[in-house]
Engineer: 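Just passing along the structure, written as structure tokens.
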Protein chains: 2
Amino acid sequence: MSNTREKIIELADQLIRTKGFNAFSYADISAPLDIKNAAVHYHFPNKADLGIAVIEQEIARLNDGIHQWKKLSPDARLKKMIAIFQQRYKQRTICLVGSLTPDYDTFSPAMQQKVQEMCKGILDWMADCLEEGREAGNFSFEGDAYDRALMVMSNLMSSLLYSRVLGGNIFGRMSKQLSKDLI
Amino acid sequence: MSNTREKIIELADQLIRTKGFNAFSYADISAPLDIKNAAVHYHFPNKADLGIAVIEQEIARLNDGIHQWKKLSPDARLKKMIAIFQQRYKQRTICLVGSLTPDYDTFSPAMQQKVQEMCKGILDWMADCLEEGREAGNFSFEGDAYDRALMVMSNLMSSLLYSRVLGGNIFGRMSKQLSKDLI
DNA sequence: TTGCTTACTTACTAATCAGTCAGTATCTTT
DNA sequence: AAAGATACTGACTGATTAGTAAGTAAGCAA
């Protein structure tokens, strides 16, 4: 098993979060790993293949988390999700959804589908979490759980974007407020 | 006065919203306007100058709106802002904040400053609108008005991103829910 | 009418881009 | 030991990128 492949995916993930998918190049990957750009093409024939691999890794990690958190209460699960974003906030990076959805129209159909899959997965999970929490009395909110999930994920995503641009503890303020709003 | 300059800005605005700042080229502008790429460089020596001009136009339009809405009630002003995003939703484009903040790290310092200025302007306006509305009894919400402004703008921005990726009337659902939450 | 400014075009350039292909060293399997 | 697969390198390519420098036509002002 080559771990070059995994290193490429990890680096591409970082580059997508910092520069965006369309702004990073094969050289941005081959140079730091001290390999030739042809080696990157060996593992990922074209850029979309690499993008898809990065998204699939993210989906897999998300599913891992979901599986591990299954026995936690809905509000503990929400905290876990917020903690993931907090980690990103500390690293000064943004989430994949926030990085990839603005460039959606420039992607190949296969990659668009993966972006869609990632978005749907996170939103469905959050909607389930919120609905279960409401039924169990952990959460209290008005309206459809899916609409609320859209708003919560929207706030988490944007908190990272705004934090990077405006500085200050915008992530802390937004995550605190969105948690309060659900009680 | 040349209106080529204005046409370039307008087209660049469209391209930033659809492809993103780093993914459009001078050829994407010169070809549709039937001019040479050197003509674009005549008006905007480098790409950052063009980006800054697009952001400045957006800030100017926003200030125009703010000025025109001054005599409206806070909830009517909020509706006007939502209407701007609804228009973008119908055009299947996203907002400049949603398009530019993910690529923030790749911009020149001067352009970063403009992005910051745009974000601050919108958020300050929204915070004032919400605070005034709360004091007048039009709105009811918990916590700091600025935090609430962050969440409202976050939802409007993301509603356009999610709409394009997931289809359906996500904009309608989110804008309706965020309005309800403020009453 | 001379001189200056505006708004370009023509014709480039050097760099960078994603992607290709033939070759090779090193394992692994038979 | 031979054959094949794996994981690359070396040496490219053609397209596209932002950006430049010189020239020009039209308008305007002294």
Side-chain angles (χ1 to χ4, degrees), chain A residues 1-55 57 99-100 103-112 114-115, chain B residues 1-55 57 99-100 103-112 114-115:
Chain A
M1 276 274 168
S2 147
N3 71 48
T4 299
R5 190 189 146 89
E6 287 155 44
K7 281 180 192 165
I8 292 170
I9 294 176
E10 198 54 47
L11 191 48
D13 180 285
Q14 285 291 111
L15 286 163
I16 290 172
R17 290 178 203 269
T18 49
K19 305 183 75 174
F21 184 76
N22 290 317
F24 85 83
S25 73
Y26 275 69
D28 290 327
I29 288 179
S30 55
L33 297 182
D34 203 30
I35 54 176
K36 302 295 159 184
N37 98 43
V40 185
H41 279 284
Y42 168 76
H43 290 285
F44 306 98
N46 58 57
K47 212 181 171 186
D49 294 323
L50 178 51
I52 287 168
V54 169
I55 301 170
Q57 189 192 58
S99 176
L100 294 174
D103 299 337
Y104 188 75
D105 284 354
T106 69
F107 300 154
S108 70
M111 197 170 148
Q112 287 186 335
K114 278 290 162 199
V115 173
Chain B
M1 276 274 168
S2 146
N3 70 44
T4 298
R5 191 189 145 89
E6 287 155 44
K7 281 180 191 165
I8 292 170
I9 294 176
E10 197 54 46
L11 192 47
D13 181 284
Q14 284 292 110
L15 286 163
I16 290 172
R17 291 178 203 269
T18 50
K19 305 183 77 175
F21 183 76
N22 290 317
F24 85 83
S25 72
Y26 275 68
D28 290 329
I29 288 179
S30 54
L33 296 181
D34 204 31
I35 55 176
K36 301 297 157 184
N37 95 46
V40 184
H41 279 285
Y42 167 75
H43 289 286
F44 306 96
N46 58 57
K47 212 180 169 186
D49 294 322
L50 178 52
I52 288 168
V54 169
I55 301 170
Q57 189 192 57
S99 176
L100 294 175
D103 299 337
Y104 188 75
D105 284 353
T106 68
F107 299 154
S108 71
M111 196 169 150
Q112 287 185 336
K114 278 290 161 196
V115 173

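Please read these numbers as outputs of a predicted model, since none were measured by experiment. Chain identifiers are assigned alphabetically (A, B, ...) following the order of the sequence lines, protein sequences preceding nucleic acid strands; residue numbering begins at 1 within each chain.
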Engineer: Assign B:K36 to base, sugar-phosphate, or nothing according to its heavy-atom contacts below 4.0 angstrom with the strands shown.
Structural biologist: base
Engineer: Nearest whole angstrom, please: distance from the C1' of D:dC8 to the CD1 of A:I8.
Structural biologist: 10 Å
Engineer: Under 4.0 Å: is that the gap between some side-chain N or O of B:Y26 and OP1 or OP2 of D:dT17?
Structural biologist: no
Engineer: Rounded to the nearest 0.5 Å, what separation is found between the CD atom of A:Q14 and the CG atom of A:D28?
Structural biologist: 12.5 Å
Engineer: Does OP1 or OP2 of C:dC8 have a side-chain N or O of B:T4 closer than 4.0 Å?
Structural biologist: yes
Engineer: Whole angstrom is fine here: how far is it from CG in A:D34 over to P in D:dC8?
Structural biologist: 12 Å
Engineer: I need the CG-C1' distance between B:D28 and D:dA18, as an integer number of Å.
Structural biologist: 13 Å
Engineer: How close do A:F44 and A:R5 get, heavy atom to heavy atom, and via which atoms?
Structural biologist: CE2-NH1, 3.6 Å
Engineer: Does B:K47 reach the main-chain N or O of B:F21 with its side chain, forming a donor-acceptor pair under 3.5 Å?
Structural biologist: yes
Engineer: To the nearest Å, give me how far apart CG (B:N37) and C1' (C:dT13) are.
Structural biologist: 12 Å
Engineer: Mind checking B:Y42 for me? I need base, sugar-phosphate or nothing, with any heavy atom below 4.0 Å counting as a touch.
Structural biologist: base
Engineer: Using a cut-off of 4.0 Å on non-hydrogen atoms, how would the nucleic acid contact of A:N46 be classed: base, sugar-phosphate, or nothing?
Structural biologist: sugar-phosphate
Engineer: Would you classify B:F44 as touching base, sugar-phosphate or nothing, given that sugar-phosphate means primed atoms plus P, OP1 and OP2, and contacts are heavy atoms under 4.0 Å?
Structural biologist: nothing
Engineer: Would you say D:dT6 has OP1 or OP2 under 4.0 Å from some side-chain N or O of A:H43?
Structural biologist: no
Engineer: What is the distance, to the nearest angstrom, from the CZ atom on A:F24 to the P atom on C:dT16?
Structural biologist: 17 Å
Engineer: Expressed in angstrom and rounded to an integer, what is the separation of A:I29 atom CD1 from C:dT16 atom C1'?
Structural biologist: 15 Å
Engineer: Is there side-chain contact between A:E10 and A:Q57, with heavy atoms separated by less than 4.5 Å?
Structural biologist: yes
Engineer: Rounded to the Å, how far apart are B:F107 CZ and D:dA18 C1'?
Structural biologist: 16 Å
Engineer: Nearest to the side chain of B:A38, which nucleotide is it out of D:dG19, D:dT9, C:dT10?
Structural biologist: C:dT10
Engineer: For a quick test of reading the model: is some side-chain N or O of B:S25 closer than 4.0 Å to OP1 or OP2 of D:dT17?
Structural biologist: yes
Engineer: For a quick test of reading the model, state the closest non-hydrogen atom pair linking B:A12 to B:F24 and the distance between them.
Structural biologist: CB-CZ, 4.4 Å
Engineer: Give the rounded distance in Å between these two atoms: NE2 of A:H41 and C1' of C:dA22.
Structural biologist: 16 Å
